[in-house]
Number of protein chains: 2
Amino acid sequence: MIRFLSNSVNRIDAKGRVSVPASFRSILASADVQDLYCFQDFVFPAISVGGPELLTRLEKRIEVADPFSPEANRMSLLVHGGGVFMRLDQEGRLMVTDFIRSFTGITDHVAFVGRGDHFQLWQPEAWEAAQKAAREGLGR
Amino acid sequence: MIRFLSNSVNRIDAKGRVSVPASFRSILASADVQDLYCFQDFVFPAISVGGPELLTRLEKRIEVADPFSPEANRMSLLVHGGGVFMRLDQEGRLMVTDFIRSFTGITDHVAFVGRGDHFQLWQPEAWEAAQKAAREGLGR
DNA sequence: CCGTTTCCCATTGACGCCCATGTGGTCCCA
DNA sequence: TGGGACCACATGGGCGTCAATGGGAAACGG
């Protein structure tokens with residue numbers, strides 16, 4: 001069962017790499033996931049990361065629509081244009097590319113956040129703020 | 001499996017050439033594609049690029065319509081009249097012709113955007129704006 | 001014959017593979 | 001129960017390879 005939980009902040013090194021938390025890596029390993037589908041999230045300034053089936057699931061939503069419809073084009077723009085496959089290096093680290101930085105505002109630290117069937121990369125302060133906002137939103 | 005993903009911006013050199021991202025090139029190579037069919041996109045100010053089968057697929061769409069219908073005429077005008085075949089040079093670079101510049105507004109940088117079975121060339125700022133608009137459009 | 005395109009080579013910087021280090025936590029045993 | 005060996009994990013850095021880019025020169029076409 002794939003279920004990413006909890007959050008932690010790791011440091012980006014001088015070469016722009018960051019260690020993915022071991023707990024997340026072991027989940028990926030047990031699901032035998034090599035290629036990580038990473039896309040610029042639809043609602044948050046965060047990168048969502050999951051296995052290839054995450055992309056497949058999103059593509060299903062495109063296929064049902066007329067290929068020339070604005071709806072399908074809009075989805076493809078985000079799902080295909082806003083997504084990449086990435087791999088971890090041998091130590092389980094991820095390159096923090098411009099693709100990630102420009103969208104999230106990440107500079108030198110990354111917050112890894114479990115989201116159930118996937119996890120996300122956040123700029124740490126933005127994550128703090130979003131978490132706080134979510135908590136307050138529940139009270140109402 | 002042919003699946004173009006992600007986006008990145010490359011620079012046009014003094015001779016008007018631009019490097020196609022290596023990830024896109026490797027997909028083309030694995031599909032053994034030499035000639036690139038390029039056409040002015042139907043919905044965005046961008047050039048869509050794919051293998052010859054992309055043209056075939058569009059032509060299929062024309063055939064199913066009544067050959068004298070305004071619909072079929074319009075499609076053919078765009079698919080045939082607005083399309084060209086291009087090739088990459090030995091280093092995997094593309095000549096940015098006037099055909100591309102005038103339709104997209106591209107001047108000195110090109111945004112390459114994966115769209116699944118094909119990819120697109122955008123003027124970088126226009127791409128940013130379109131992506132942002134697509135994201136906001138999803139909320140509704 | 002001249003301007004444009006393609007080929008070829010050089011440079012630079014980024015990325016992936018490999019190995020080393022530090023630190024916190026756990027387990028074992030006296 | 002205190003100390004020490006050990007281990008897992010985050011992190012640092014050397015180095016080779018490849019991609020992106022620049023520019024000279026040949027090939028091509030009008």
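We name chains A, B, ... by the order of the sequence lines, and we start the count at 1 in each one.
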**Q** Please determine which of A/Leu88, A/Val20, A/Leu54 meets the side-chain contact (heavy atoms from CB on, under 4.5 Å) test together with A/Leu36.
**A**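 With A/Leu36 as partner, side-chain contact (heavy atoms from CB on, under 4.5 Å) holds for just one option, A/Leu88.
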**Q** Over how many whole Å does the gap from A/Leu94 atom CG to D/dT11 atom C1' extend?
**A**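 After rounding, the gap between these two atoms is 15 Å.
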**Q** Any idea which of D/dA10, D/dG12, D/dA19 is nearest the A/Arg11 side chain?
**A**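 Per side-chain heavy atoms of A/Arg11, the pick is D/dG12.
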**Q** Indicate yes or no: does A/Lys132 engage A/Glu136 in a salt bridge with an N to O separation below 4.0 Å.
**A**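 Between A/Glu136 and A/Lys132 there is a salt bridge, with a charged N closer than 4.0 Å to a carboxylate O.
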**Q** What pairs of nitrogen or oxygen atoms, one from the protein and one from nucleotides 5-7 of chain C, lie under 3.5 Å apart?
**A**
| residue | atom | partner | partner atom | Å |
| --- | --- | --- | --- | --- |
| C/dT6 | O4 | B/Lys15 | NZ | 3.0 |
| C/dC7 | N4 | B/Arg17 | NH1 | 3.3 |

**Q** Using a 4.0 Å heavy-atom cut-off, does A/Val20 contact any base of the nucleic acid, only the sugar-phosphate backbone, or nothing at all?
**A**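 Counting heavy atoms under 4.0 Å across all strands, the contact made by A/Val20 is with sugar-phosphate only.
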**Q** Identify whether the distance between the nearest side-chain nitrogen and carboxylate oxygen of B/Arg3 and A/Glu59 falls below 4.0 Å.
**A**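 Yes, charged N to carboxylate O under 4.0 Å.
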**Q** Nearest whole angstrom, please: distance from the C1' of C/dA14 to the CG of A/Asp98.
**A**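 So the two atoms are 12 Å apart, to the nearest Å.
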**Q** Tell me whether B/Glu63 is salt-bridged to B/Lys60, with the criterion being a basic N under 4.0 Å from an acidic carboxylate O.
**A**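 Salt bridge absent between B/Glu63 and B/Lys60.
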**Q** Given atom CD of A/Gln34 and atom P of C/dG16, what is their separation to the nearest angstrom?
**A**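 Rounded to the whole Å, the gap is 15 Å.
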**Q** What is the distance from CG of B/Asp13 to P of D/dG23, rounded to the nearest Å?
**A**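 These atoms are roughly 9 Å apart.
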**Q** Please state whether the rings of B/Phe119 and B/Phe24 are parallel, tilted or perpendicular, taking 30° and 60° as the class boundaries.
**A**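 Rings of B/Phe119 and B/Phe24: tilted, as their planes differ by 30° to 60°.
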**Q** For the pair A/Tyr37 and A/Phe39, name the ring-plane relationship: parallel under 30°, tilted 30 to 60°, perpendicular over 60°.
**A**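 Ring orientation, 0 to 90° scale: parallel.
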